[in-house]
**Student:** 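Okay, handing you the structure first.
Quick caveat: nothing in here was measured; it's all calculated off a predicted structure.
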Amino acid sequence: MLMNDLKIIESCLLGNTQVFSRLIDNYKNMVYNLAYRMSNNSHEAEDISQEAFLRAYQSLARFNPSYKFSTWLYQITLNIIRDRFKKKELNYVSLDAPIETDDSEFYPQPANSINNPEQIIAQKEDVQAIQQAILSLPLKYREVLVLRHLQDLSYIEIANILKIPSGTVKVRLYRAREQLKKILENSI
């Protein structure tokens, strides 16, 4: 863990709660990215991110400094996502939907194929099929797949976040890949 993070946490616990905004600045992209990858909805990702930081702030006294702050924050975020999936509050939005900004809409396009409309359409269909396949996986497989391949975390980091042995992470990742492969063989 960054010493900076530990100092910020200690400062918050001693009453200087305004420095918590530094932790938010340091980790907001990480939390939002995970929430978006798991929910596929920007509004849900924003809500999940806000709730994750609120829970982290409220639970700061229970933080164990022997772990990285990011690992602890991943756990909190995933717990919120799991709760929302159990309550069926998360709705899915297509990856092809425009990303709304304050002044306009942005349609994401692959950088290498901007001038080839046929390739753009084919890639969008592939991306959509892959995203739908990932979303169709059971939550325990989707979690390890997103954390490993989309968040680029190590097996040990994933094991710490999910509080399971690294061997279980490997097994779940293998099974997730196998299920994803079967799903994609039928759809692409």
Side-chain angles (χ1 to χ4, degrees), residues 5 9 12 20-21 23-64 67-102 105-106 108 127-155 157-166 168-169 171-180 183-184 187:
D5 290 350
I9 292 167
C12 283
F20 189 76
S21 64
L23 288 175
I24 294 172
D25 289 340
N26 292 345
Y27 295 102
K28 65 184 175 189
N29 291 337
M30 177 196 84
V31 170
Y32 177 84
N33 191 22
L34 174 62
Y36 183 78
R37 298 280 188 174
M38 291 297 290
S39 70
N40 199 26
N41 182 310
S42 61
H43 297 295
E44 287 292 336
E46 288 173 11
D47 289 346
I48 292 167
S49 298
Q50 288 177 1
E51 189 173 343
F53 283 111
L54 179 63
R55 284 191 192 177
Y57 177 76
Q58 292 170 337
S59 305
L60 215 49
R62 293 191 302 258
F63 172 70
N64 182 349
Y67 293 103
K68 290 172 34 176
F69 181 76
S70 61
T71 300
W72 186 64
L73 195 53
Y74 268 126
Q75 289 173 341
I76 291 171
T77 307
L78 282 172
N79 285 338
I80 293 167
I81 292 166
R82 288 176 186 145
D83 290 345
R84 288 183 180 224
F85 274 108
K86 286 178 189 171
K87 294 177 184 175
K88 305 240 187 273
E89 290 180 4
L90 290 177
N91 297 318
Y92 300 111
V93 177
S94 169
L95 285 179
D96 296 328
I99 298 172
E100 296 179 27
T101 60
D102 293 337
E105 290 182 346
F106 169 72
V127 167
Q128 188 174 21
I130 292 168
Q131 184 63 30
Q132 289 304 316
I134 291 171
L135 292 172
S136 71
L137 292 173
L139 187 59
K140 67 181 181 179
Y141 295 150
R142 187 178 335 147
E143 288 174 346
V144 294
L145 196 69
V146 167
L147 291 172
R148 179 70 184 120
H149 293 292
L150 302 177
Q151 298 296 110
D152 201 30
L153 297 179
S154 70
Y155 294 120
E157 288 173 312
I158 296 169
N160 288 335
I161 291 166
L162 298 177
K163 295 182 180 177
I164 58 176
S166 61
T168 304
V169 170
V171 168
R172 286 185 184 177
L173 190 57
Y174 173 79
R175 290 179 179 164
R177 289 174 181 151
E178 289 298 307
Q179 282 189 15
L180 196 59
I183 294 167
L184 292 174
S187 65

**Student:** Which atom pair, heavy atoms only, marks the closest approach of Ile81 to Ala35?
**Tutor:** CD1-CA, 4.0 Å
**Student:** Would you call Phe20 and Leu60 a side-chain contact if the rule is heavy atoms closer than 4.5 Å?
**Tutor:**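 The answer is yes; the side chains approach within 4.5 Å.
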**Student:** Would you call Ile9 and Leu23 a side-chain contact if the rule is heavy atoms closer than 4.5 Å?
**Tutor:**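 Heavy-atom side-chain distance check passes, below 4.5 Å.
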**Student:** Report the distance from atom CD1 of Ile80 to atom CE of Met38, rounding to the nearest 0.5 Å.
**Tutor:**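 So the CD1 of Ile80 and the CE of Met38 are separated by 12.5 Å.
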**Student:** Taking Ser59 for its side chain and Arg62 for its backbone only, find out whether a donor-acceptor pair lies under 3.5 Å.
**Tutor:** no
**Student:** For Arg177 and His149, test the side chains for any donor-to-acceptor distance below 3.5 angstrom and give the result as yes or no.
**Tutor:** yes
**Student:** Does Arg148 have any side chain to side chain donor-acceptor pair (under 3.5 Å) partners at least two apart in sequence or in another chain, and if so, which?
**Tutor:** none
**Student:** For residues Ser42 and Tyr36, report the shortest heavy-atom separation together with the two atoms involved.
**Tutor:**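 Residues Ser42 and Tyr36, closest heavy atoms: N-CE1, 3.5 Å.
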**Student:** Under 4.5 Å between any side-chain heavy atoms of Leu162 and Thr168, yes or no?
**Tutor:**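 Side-chain contact under 4.5 Å: no.
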**Student:** Identify the heavy atoms of Leu180 and Leu137 that sit nearest to each other, and give their distance.
**Tutor:**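 Scanning both residues completely, I find the closest heavy atoms to be N-CD2, 4.1 Å.
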**Student:** Do Gln75 and Tyr67 have a side chain donor and acceptor closer than 3.5 Å?
**Tutor:**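 Distance-only check fails for Gln75 and Tyr67.
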**Student:** Could I get the full list of side chain to side chain donor-acceptor pair (under 3.5 Å) partners for Ser166, not counting sequence neighbours?
**Tutor:** none
**Student:** Okay, side chain of Arg172, backbone of Tyr141: is any donor-acceptor separation there less than 3.5 Å?
**Tutor:**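 No, the answer is negative, given that no donor and acceptor are paired below the 3.5 Å cut-off.
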**Student:** Between Trp72 and Asn64, is there a side-chain heavy-atom distance shorter than 4.5 Å?
**Tutor:** no
**Student:** Measuring only between side-chain heavy atoms, which start at C-beta, is Val31 closer than 4.5 Å to Ile48?
**Tutor:**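 Sidechains of Ile48 and Val31: no contact.
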**Student:** Among residues at least two apart in sequence or on other chains, which ones pass side chain to side chain contact (heavy atoms under 4.5 Å, CB included) with Lys28?
**Tutor:**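 Applying side chain to side chain contact (heavy atoms under 4.5 Å, CB included) to Lys28 gives Ile24, Asp25, Phe53.
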**Student:** Is there side-chain contact between Ser39 and Arg84, with heavy atoms separated by less than 4.5 Å?
**Tutor:**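 Result no, sub-4.5 Å side-chain heavy-atom pair not found.
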**Student:** Could you grab the distance from atom CZ of Arg142 to atom CZ of Arg37, nearest 0.5 Å is fine?
**Tutor:** 14.0 Å
**Student:** Return the CD to CG distance between Glu178 and Leu173, rounded to the nearest 0.5 Å.
**Tutor:** 10.5 Å
**Student:** Tell me the closest heavy-atom pair linking Ala56 and Leu73, and the distance in Å.
**Tutor:** CB-CD1, 3.9 Å
